[in-house]
Amino acid sequence: MATQQTASLQDAPATDQLVEHDGKTYQTIREGKAYILIPPNTRTSQNPQAKAKADDSKDVPQGVFYNPIQQFNRDLSVLAIKAFGEQLCEKRRIQHKKDNGKQQAKKERKRQRKSEVNGEKSQAVSGKDAEPRAEEEDNGVMEVDENGAQAVDGTVEHAQTEDKIGDAHLRQTGLKRKAETQGAVEGDAERAVKVRRADDGSALKVVGGAAESEVTMAATEDMPAKGVPVQARADAEQSGKVPEPAHEPAEQSNGVPNHAAPIADNTSNQAQSTTNGQTQPWKPKFRILDALSATGLRALRYAAEIPFATAVTANDMDKNAVKSIRIHIEHNKLEKIITANHANAIGHMYGVAYPPTDSHGPHHISGKYDVIDLDPYGTAAPFVDSALQALNDGGLLCVTCTDSGVLASCGYAEKTYSLYGGMPIKGGHSHEGGLRLVISSVASAAAKYGLAIEPLLSLSIDFYVRVFIRVTKSPADVKFLAGKTMLVYGCDAGCGAWQTQMLGRNTRQTGKDGKGPHNSSNFLFKHGIAQAPSADRLCEHCNSKMHVAGPMWAGPLHNASFIEKVLEDAGAADKEIYQTIPRVEGMLDTALHELEVVPEAYDADSSKDSTSELLPKTPPETVDAHPFFFLPSALAKVIHCIAPPEAAVKGALRHAGYRATRSHCKPGSLKTDAPWSIVWEVMREWVRQKHPIKEGALKEGQAGWKIMQAARKITEAKNDGVAGKDVEAATEAVMNGASTTQKPVEPKSIKVVFDEVLGKDKPGKKLVRYQANPRENWGPMTRAKGSS
């Protein structure tokens, strides 16, 4: 068999290409627009039966972690960060334009005031003061030293300690001198006043030029401007080209890199820039940190697929990983955007948040990031605090936790509490509870610094959870946190019902007219302590023991506007680059419809501020009163009956006037705003109307026996609440998003109709909402061995 020809690192990357570098051979793998190199025969899957197969004997363990299973995670992350970044950059452009307009108006007012003052003082000058000045102007040139230095336009005069006609004066320690405009002669062009230092160190005022400018001065009396000789500068001024001062190399202090240098190179944060003599539009900076980069694949994709990203930092504390990252950066030709950093992620982020004091000054540029991506092997809890402080105001924090065995299981409850500050919940909805534990831990860490969080997208995916959280500096919004934090009482050993218990209470204050204070639409809130307990020690439905879970997040999991934007971008994305688009669209569509049970978040109005309408935030007081889903199959198991179809249960709930939709977490799951008393009444009616259970299937003392004791008798069928309701009209109304009835209080007062037509979703695009595992024993793989 012919041997495949190897390429060099400088050659254009291609899929399945063999690359030889430093005496080693690598195989090229493509994902998105990025290419990474791994040794041939590297194990890229987790299969416990691998040792039993002869073909797998040549597989070698990974030295740097790479998991192809998480391509969906990376595709989703690129789309989400791109959607967030477009909104953030546009917001910054609007704000920059607004600030620039204010600055220009301020300069114009200042110029007019100076012109008026100069005009008044010019009129006051008369007699012997006016004649010498006129003679000086007519002479054109005045010698100022023995070398005969001249101004550009020919007029040079010694500057006094304080100018007679302006408010500009010399300062011994001054760094800059602003030009003054002479407006004494009406109709003449404005002539700028430049201040510079002659060879002998004396200050000179150079009159000439048509535009206002600034000249950098030396800080001491006996030294010229740093990096530029005075005579060379004078010669350059006459030719119209002024040399730039020499830049000093970036230094490190206490092991923390000076972040100003790479930022200045990779960002365009100036008022305007010129290229080939043409003015370029102002470009906002957008910096991304891949804190735990491993191979650097995420950083490569962010740099290659997000066009407005100005700088990407790929950090890892493993030397082999950083070496791999540098190779990949060179191979993908992304040296101008990506910086490989070898450091502890926590130390790096704290160093960015609190740079050395000797790096401060008028030219200091903040090294904080607009997006920080935490994707560790296991929990992200140790990295959250430092990441929050290294984020810019309004930045995006992306968090992945792969320890579902801890956050979504009661097997290690003590570990769950130590990492996430809450106890896990038991039941089919445990993964949704794990999502809320992770968000709650981020919210509580942020609140200590006056930072408020808003989950834009929160997903339970396969064996991990992934959340995208916007972080803003808002002490006012932090006050709502206690009212959005809850305990949960769960009947995990019985029927599976749950009851929430809020820790705080946010009460809206209204006036006599029903409006806010002073007859405005802006309401004030009173923050207090919630009443307790919300549930008894025993379950009200089956009389089983209740167990406590939490504290955990009680607000919405998603932002509807953000999901709609990501879905829009996903629909226009290249399917060859984003190969998991079908699953992305299916999961995001399901997550979007989850918010139907939280109308305050689903129909949230955008703010009046034009800069926030791009991505309107969910009102900070919004609480998800129905935080978990349930599984009809699990309820059927409790009462020992045949499981009802998903559409039948949704149709019954919708006909009764409640909202019902899917959950993205599990197939067959339902989310509804109906209380548990109504849900169990629907299940009892399913048994009575459709599939009666066998005699003796339930025994006294069981949870199902207690529940079925409240079942309606056959003789009560004629008195079913709203029996005369027009079902077809109800079906059409609910399909259009309206409620059909007022929500009843008594479960037996409703007529339960298992209308599967009403329970089915509107016909539309066929979506992959739940993807089955591609093979058995599919999971997160083993940790890479790292540096030896």
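Heavy-atom basis, side chains included; hydrogens, waters and symmetry copies ignored. Residues take their numbers from the sequence shown, with the count starting at 1. Predicted, not measured: the structure shown is a model, and the values here were computed from it.
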Open item on the list: Going by salt bridge (Lys or Arg N to Asp or Glu O under 4.0 Å), name the residues that satisfy it together with Glu594, two or more places apart in sequence or in a different chain.
Closed with: none

Task: Partners meeting side-chain hydrogen bond (donor to acceptor under 3.5 Å, both in side chains) with Glu432 (sequence neighbours left out) - done: Lys671

Task: Any residue meeting salt bridge (Lys or Arg N to Asp or Glu O under 4.0 Å) with Lys565, in chain and number order, not counting sequence neighbours - done: Glu86, Asp569

Open item on the list: If the condition is side chain to side chain contact (heavy atoms under 4.5 Å, CB included), which residues does Glu90 pass it with, not counting sequence neighbours?
Closed with: Arg93, Ile94, Leu614

Task: Listed partners of Gln27 passing side-chain hydrogen bond (donor to acceptor under 3.5 Å, both in side chains), at least two apart - done: none

Task: Set of residues satisfying side-chain hydrogen bond (donor to acceptor under 3.5 Å, both in side chains) with respect to His429, sequence neighbours excluded - done: none

Task: Set of side chain to side chain contact (heavy atoms under 4.5 Å, CB included) partners for Ala387, sequence neighbours left out - done: Met349, Ile372, Leu374, Leu397

Open item on the list: Taking side chain to side chain contact (heavy atoms under 4.5 Å, CB included) as the definition, give me every residue that meets it alongside Pro382, ordered by chain and number, with sequence neighbours left out.
Closed with: Ile346, Thr379

- [ ] Under the side chain to side chain contact (heavy atoms under 4.5 Å, CB included) rule, collect the residues that match up with Asp316, sequence neighbours excluded.
- [x] Ala294, Asp318, Ala321, Val322, Ile325

Task: Results of side-chain hydrogen bond (donor to acceptor under 3.5 Å, both in side chains) for Ser409 - residues two or more places apart only - done: none

- [ ] Check salt bridge (Lys or Arg N to Asp or Glu O under 4.0 Å) between Asp403 and all other residues, then give those that pass, not counting sequence neighbours.
- [x] none

TODO: List for me each residue that meets salt bridge (Lys or Arg N to Asp or Glu O under 4.0 Å) alongside Lys765, sequence neighbours excluded, and say none if there are none.
DONE: Glu585

